[in-house]
Amino acid sequence: MTIEEFRREIRSLKEKGIYPSNKSYMLPSLWIAEKNFPAITKEIMRVISEELSVPLVEVEEAATFYAMYHTKPKGKYVIRVCTNLSCMLNGGEEILKEICNLLKVKPGETTPDGLFTVEEYECMGLCDGAPAVTVNEDRYLKVKPSDLPEILKKYGWKGENGKTSP
Ligand code: FES
């Protein structure tokens with residue numbers, strides 16, 4: 001998506017008139033940016049600020065407050081592993097450790113090929129399926145360490161001795 005296309009998306013969202021104020025369109029606009037750009041840059045925040053007539057500082061605050069938004073470049077696939085209470089008690093920390101082992105990254109890092117970013121996450125509201133993992137918008141519940149290679153392969157991981165490729 002180009003910046004101009006993004007601008008048009010915000011305008012067309014506003015034309016739907018589904019929210020009560022300009023400011024109400026800020027989080028949906030950030031979400032459009034999150035899904036269509038590697039990172040929510042200053043330029044993107046400025047576009048949102050201009051289109052919604054919301055102070056830039058408020059857009060920056062929202063973009064940096066919510067963990068679902070990335071202001072630094074992320075991988076094509078963002079893997080989130082919950083380590084909050086239910087997930088921790090059901091092995092979430094082991095899952096995180098194993099994903100990091102397989103991809104050879106630390107939590108918060110992106111693989112060198114830009115394919116995966118791994119994040120430790122607070123509760124995702126999937127506690128009855130603990131431990132929970134998401135890959136972009138796909139959900140995996142009651143995950144076991146032995147499930148991980150198959151899950152990662154769906155997104156292009158080539159195996160421990162192979163090379164990941166986008
Ligand atoms: S504690 Fe992990 S999803 Fe709620």
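Remember, it's 1-based here, ligands and their atoms both numbered in the order they're listed. In what follows, every heavy atom counts, from backbone to side chain, and hydrogens, waters and symmetry copies are set aside. Note that this is a predicted model, so its numbers are computed, not measured.
A salt bridge does not link K14 with E51: none of the charged nitrogens is closer than 4.0 Å to a carboxylate oxygen.
Contact annotation for C82 and ligand 1: only side-chain heavy atoms (C-beta onward) come within less than 4.0 Å of the ligand.
A donor-acceptor distance shorter than 3.5 angstrom exists from the side chain of T2 to the backbone of E5, with no hydrogens or angles considered. Between the side chain of T110 and the main chain of T117, no donor-acceptor pair closer than 3.5 Å is present.
Using a 3.5 Å distance cut-off with no hydrogens or angles, the side chains of T83 and E93 do not pair a donor with an acceptor.
Taking 2.8 Å as the criterion, C127 counts as a coordinating residue of atom 4 (Fe) of ligand 1, since one of its N, O or S atoms falls below it.
Under the 30°/60° scheme for interplanar angles, the aromatic rings of F116 and Y155 are found to stand perpendicular.
Atom numbering of ligand 1 starts at 1 in the shown order; those under 4.0 Å from a heavy atom of C123 are 1 (S), 3 (S), 4 (Fe). Using a 4.0 Å cut-off to heavy atoms of S86, the atoms of ligand 1 that qualify are 1 (S). Less than 4.0 angstrom separates some heavy atom of L126 from each of these atoms of ligand 1: 3 (S).
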